[in-house]
Amino acid sequence: MTNPYPDARFQPLSGTLTMYDLRTLRDNLDAIREQLGLRGADVPWDRLRTLIEQRRTMMTQAEQLRHELKKGSDEVATLKRGKQPADAAMAAMKAVGEGIKTIEDELRTVEETLTDLNLRIPNLPHTSVPVGKDAGDNKEVRKWGMPPTLTQPAKSHWELGESLGILDFDRAAKITGARFAVMTGAGARLERALINYMLDLHTTEHGYREVLPPFLVNRSSMTATGQLPKFEEDLFRLRDEDYFLIPTAEVPVTNLHRDETFTENALPIRYTAYTPCFRREAGSYGKDTRGLIRLHQFNKVELVTFTKPEQSHEELERLTGHAEAILQGLGLHYRVVALCTGDMGFSAAKTYDIEVWLPSQNQYREISSCSNFEGFQARRGNIRYKGPVGKKDSKSEFVHTLNGSGLAVGRTVVAILENYQQSDGSVLIPEVLRPYMGGLEHITKP
RNA sequence: GGAGAGGUGGCCGAGCGGCCGAAGGCAGCAGUUUGCUAAACUGCCGUAGGGGGAAACUUCUACCGAGGGUUCAAAUCCCUCCCUCUCCGCCA
């Protein structure tokens, strides 16, 4: 029932798989619609229903005609071999062939529309997800640590960074434009130290395998993880190739195993990857216009895992814990929030955000987002697993995919600058980072 | 960027436009033989969707990189695209 190939014709015509198996969709349309609630508000459900039915009837017709054509052609062959006249049979089959072509042309249009609509239906939230309208309905799950006690008024990270000579937004604007940053000196090194610290912790302590993937991906990859077709305006796209800059390592790393089948005992598989991330940030004009919080390009260390369906929710807890471990190592106060149904991303079945404390803003800001996509991406990307070969009942099933930031590096720099700022304007470097900083303990004015 | 070669079932590898869902081999599964292993032999052995059956199963349809076209009929002919390999050029 989770099969994405409702029939063999569907895949080649669409080129990409769909979120919902058409039969599941047809049989449960009203239930799915209801469960999606606000999330599925812009889905044309009735049109979808009609198209599914049309597709079904047309396929039956086409199959019958093709059967006729096949038999007729065999007859022609027999006649010709027996040196009998075959003109009548050939003429009849020509008509049948034309009929098939007509139906298939229509069928193709129907399937294209259907696939496109289907790919725009969001994932179903898990039952444990709090129901709500927007971020205000998210549920705080836990807190760790305490805000720092500052003896001076908290400066923003951009004030600190500019006065310490490690952040340069003016020159970034000159080189490229708004929402870019240049890091120099100890700032650049801090960024690099964080990347290495995160990767080292995840690979040595948490059991992830490091991946360094391409930063440009094709359309199929973006469709599998759910960025396309609905959110193309959020992506940077190349002009001369149908390639996109990745908005997160989730895309290339999850797509490592697109169209692959794991053996059951290979799961779970855990990857960590450092990549830059590129986002258009369309529609966020006026938000976080200063500083490192919202850039078109930022660095991130990502965690991506593939599990069997029954393991995925336990895995989400675990993965979130791995992201938290970074903040704990750095001694940064944070809280974990369970996103409500209305605030979750398109592809997610369940999401925890980790929010770090920012003294200058006197609030928590997102520094990591950890999600379980269940089978949503696996269906779109055709990522399966099956039991040992030879076992009769070892039918392949879709894996569950998960990912989370572990962590967003730029925002971690923000948190360090702000939480570790000293009364003399310098910034203390958390101890775990010092080995990565050549022993440096403070970032001071040059 | 230029020139050439190629993409067929889990793998290797055949395939005059019709009886080709596709020879053969390897691997795998079941069995015979066997003191064990091995070998030998026999059978089975792609995926997906629809119909029938309680089920073993059966029947129809699709799939030979992808998409179009020619034809009564395409793995086979034509066009476009993608990918891989070799050589040349260029480059980190």
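Quick note on labels: first sequence line is chain A, next is B, and so on, each numbered from 1. Everything quoted here is computed from the prediction, not taken from an experiment.
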Taking the P atom in each of B/A48 and B/C41, what is the distance between them to the nearest angstrom? 32 Å
How far, in whole Å, is B/G89 from B/G1 if one measures between their C1' atoms? 8 Å
Taking atom C1' in both B/A56 and B/C63, what distance in whole Å separates the two? 27 Å
Determine the Euclidean distance between corresponding P atoms of B/G4 and B/A92; express it in Å to zero decimal places. 28 Å
Interatomic distance, A/Asp259 CG vs B/G65 C1' [rounded to whole Å]: 12 Å
Please give, in whole Å, the distance from B/C72 C1' to A/Arg66 CZ? 16 Å
Using atom CD of A/Glu75 as one end and atom P of B/C72 as the other, report the distance to the nearest whole Å. 16 Å
Answer yes or no: does a side-chain N or O of A/Lys101 lie under 4.0 Å from OP1 or OP2 of B/U70? yes
From NZ of A/Lys80 across to P of B/U71 the rounded distance in Å is 13 Å
Within less than 4.0 Å of OP1 or OP2 of B/C60, is there a side-chain N or O belonging to A/His67? no
Indicate whether OP1 or OP2 belonging to B/G67 is found under 4.0 Å from a side-chain N or O atom of A/Arg108. no
So which of residues 84-92 of chain A are in contact with RNA chain B, with a heavy-atom cut-off of under 4.0 Å? A/Met90
Distance-only polar pair, side chains of A/Thr115 and A/Asn118, donor-acceptor under 3.5 Å: no
Can you tell me the Watson-Crick or wobble partner of B/G43, both distances under 3.5 angstrom? B/C29
Pair partner, B/A3 [Watson-Crick or wobble, under 3.5 Å]: B/U86
Go through A/Thr78 and A/Glu75 one step at a time and tell me if the side chain to side chain donor-acceptor pair (under 3.5 Å) criterion holds. CA-CA 5 Å; A/Thr78 316; A/Glu75 250 170 67; over 6 Å; no
Report the distance from atom NZ of A/Lys70 to atom C1' of B/U71, rounded to the nearest whole Å. 17 Å
Side chain to side chain donor-acceptor pair (under 3.5 Å) between A/His322 and A/Glu205: does it pass, once the steps are laid out? CA-CA 9 Å; A/His322 293 151; A/Glu205 302 289 316; over 6 Å; no
Closest contact, heavy atoms only, A/His313 versus A/His126: NE2-CD2, 3.0 Å
Give me the distance, rounded to whole Å, that separates B/A40 from B/G46 when you measure between the C1' atoms they each carry. 28 Å
Tell me yes or no: between the side chains of A/Arg39 and A/Thr341, is some donor less than 3.5 Å from an acceptor? no
Taking a pair to mean Watson-Crick or G-U wobble geometry with both distances below 3.5 Å, B/C36 pairs with none
Rounded to whole angstrom, note down the C1' distance from B/G51 over to B/U33. 44 Å
Inter-nucleotide P distance (B/G21, B/U76), Å rounded: 13 Å
Walking RNA chain B from its 5' end, the first of A/Ala77 and A/Lys71 to be reached, judged by nearest nucleotide, is A/Ala77
Re B/C91: Watson-Crick or G-U wobble partner, both distances kept under 3.5 Å, found to be none
Searching all strands shown, indicate the nucleotide that pairs with B/U61 (Watson-Crick or G-U wobble; both distances under 3.5 Å). B/A48
How many whole angstroms separate atom CG of A/Leu69 from atom C1' of B/C60? 14 Å
Donor on one side chain, acceptor on other, A/Glu53 and A/Thr50, under 3.5 Å: no
When the P atoms of B/C64 and B/A22 are considered, how many whole Å apart are they? 14 Å
Using purine N1 to pyrimidine N3 plus N6-O4 or O6-N4 for Watson-Crick, or N1-O2 and O6-N3 for G-U wobble, each under 3.5 Å, what pairs with B/C20? none
Trace of the salt bridge (Lys or Arg N to Asp or Glu O under 4.0 Å) decision for A/Asp105 with A/Arg108: CA-CA 5 Å; A/Asp105 284 347; A/Arg108 190 171 300 125; 3.2 Å; yes
Which sits closer to the 5' end of RNA chain B, A/Met93 or A/Thr60, going by the nucleotide each is nearest to? A/Thr60
To the nearest angstrom, how far is A/Asp105 atom CG from B/G67 atom P? 14 Å
May I ask you to check whether A/Thr444 and A/His442 show a side-chain donor-acceptor distance below 3.5 Å? no
Who is the Watson-Crick or G-U wobble partner of B/U70, with both distances under 3.5 Å? none
Taken to the nearest whole Å, CD1/A/Ile103 to P/B/A62 is 14 Å
Name the one of A/Arg411, A/Glu418, A/Arg290 that satisfies side-chain hydrogen bond (donor to acceptor under 3.5 Å, both in side chains) with A/His157? A/Glu418
